[in-house]
Amino acid sequence: LGRVDIALLPDGSAAASYIAVTPEKRAEFRVRKVDANGALSAPVTVAAVESGRTSGYPRLAVSGEEMIFAWIEGTRPTQVRTAMAKIPKS
């Protein structure tokens, strides 16, 4: 589906978050690390999300050695959900 966000990491690599569709047609908010040479880490699922526009545009930020994620859940009323994760070492 897309909806990509990118944040630079302290080691010079980047974290890319995006919405992906599983083989079962479910949408997932995922993140993966991209190193300076373009090599990709395995994707990590942050959360299951709605595939439609109701899930909004998930966001990614970096603070020190942690990644912070935010996304919308639900369909009226909606709720903003957040999660944090340590940045994995290479």
Side-chain angles (χ1 to χ4, degrees):
L1 285 174
R3 298 184 230 165
V4 175
D5 197 9
I6 297 174
L8 292 178
L9 301 175
D11 68 359
S13 62
S17 66
Y18 57 97
I19 304 277
V21 178
T22 69
E24 297 81 21
K25 307 292 186 214
R26 294 189 189 111
E28 293 181 342
F29 178 27
R30 294 182 181 174
V31 65
R32 68 191 321 171
K33 191 172 178 180
V34 183
D35 73 16
N37 297 322
L40 302 172
S41 71
V44 175
T45 299
V46 176
V49 295
E50 296 292 325
S51 61
R53 295 287 175 196
T54 58
S55 62
Y57 199 100
R59 304 298 300 189
L60 162 67
V62 172
S63 179
E65 295 296 318
E66 294 183 317
M67 294 180 288
I68 304 159
F69 307 95
W71 67 98
I72 294 173
E73 189 174 90
T75 57
R76 297 219 160 110
T78 59
Q79 295 183 340
V80 175
R81 298 290 185 188
T82 60
M84 295 178 67
K86 291 280 187 191
I87 296 170
K89 302 295 180 196
S90 297

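Along the sequence shown, residues carry numbers from 1. Just the heavy atoms: all of them, side chains too, but no hydrogens, waters or symmetry mates, feed the values below.
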Check your understanding: How would you list, by chain and number, every residue that makes a side-chain hydrogen bond (donor to acceptor under 3.5 Å, both in side chains) with Thr78, sequence neighbours excluded?
Key -> none
**Study point:** Residue pairs fulfilling side-chain hydrogen bond (donor to acceptor under 3.5 Å, both in side chains) with at least one residue in residues 62-71, sequence neighbours excluded
**Key:** Glu65-Lys89
**Study point:** Shared hydrophobic cluster for Val46 and Val44 (ILVMFWY, side-chain gaps under 4.5 Å)
**Key:** yes
**Study point:** Co-membership, hydrophobic cluster, residues Leu9 and Phe69, 4.5 Å side-chain
**Key:** yes
side-chain contact (heavy atoms from CB on, under 4.5 Å) involving [X] - partner list, sequence neighbours excluded:
X	value
Leu40	Arg32, Val34
Ala48	none
Gln79	Arg81

Exercise for review: With sequence neighbours excluded, tell me which residues meet ring-ring contact (aromatic ring centres under 6.0 Å, His included) with Tyr18.
Suggested key: none
Point to revise | Least distance between heavy atoms, Ser51 atom then Arg3 atom | key: O-NH2, 3.0 Å
Exercise for review: Locate the shortest heavy-atom distance separating Gly64 from Ile87; write the atom from each residue and the value.
Suggested key: O-CD1, 3.8 Å
**Study point:** Atom pair CZ/CZ of Arg59 and Phe29 - distance to nearest 0.5 Å
**Key:** 9.5 Å
Check your understanding: Going by heavy atoms in the side chains, are Pro58 and Ile19 under 4.5 Å from each other?
Key -> yes
Review point. Which pairs count as salt bridge (charged side-chain N to carboxylate O under 4.0 Å, His left out) when at least one residue sits in residues 12-27, sequence neighbours excluded?
Key: none
Exercise for review: Return yes if some donor-acceptor pair links the side-chain N/O of Asn37 with the main-chain N/O of Ala39 below 3.5 Å, else return no.
Suggested key: no
Review point. Hey, is the main chain of Ser13 close enough, under 3.5 Å, to the side chain of Lys33 for a donor-acceptor pair?
Key: no
Check your understanding: Tell me, which pairs form a ring-ring contact (aromatic ring centres under 6.0 Å, His included) where one or both residues lie in residues 31-52, sequence neighbours left out?
Key -> none
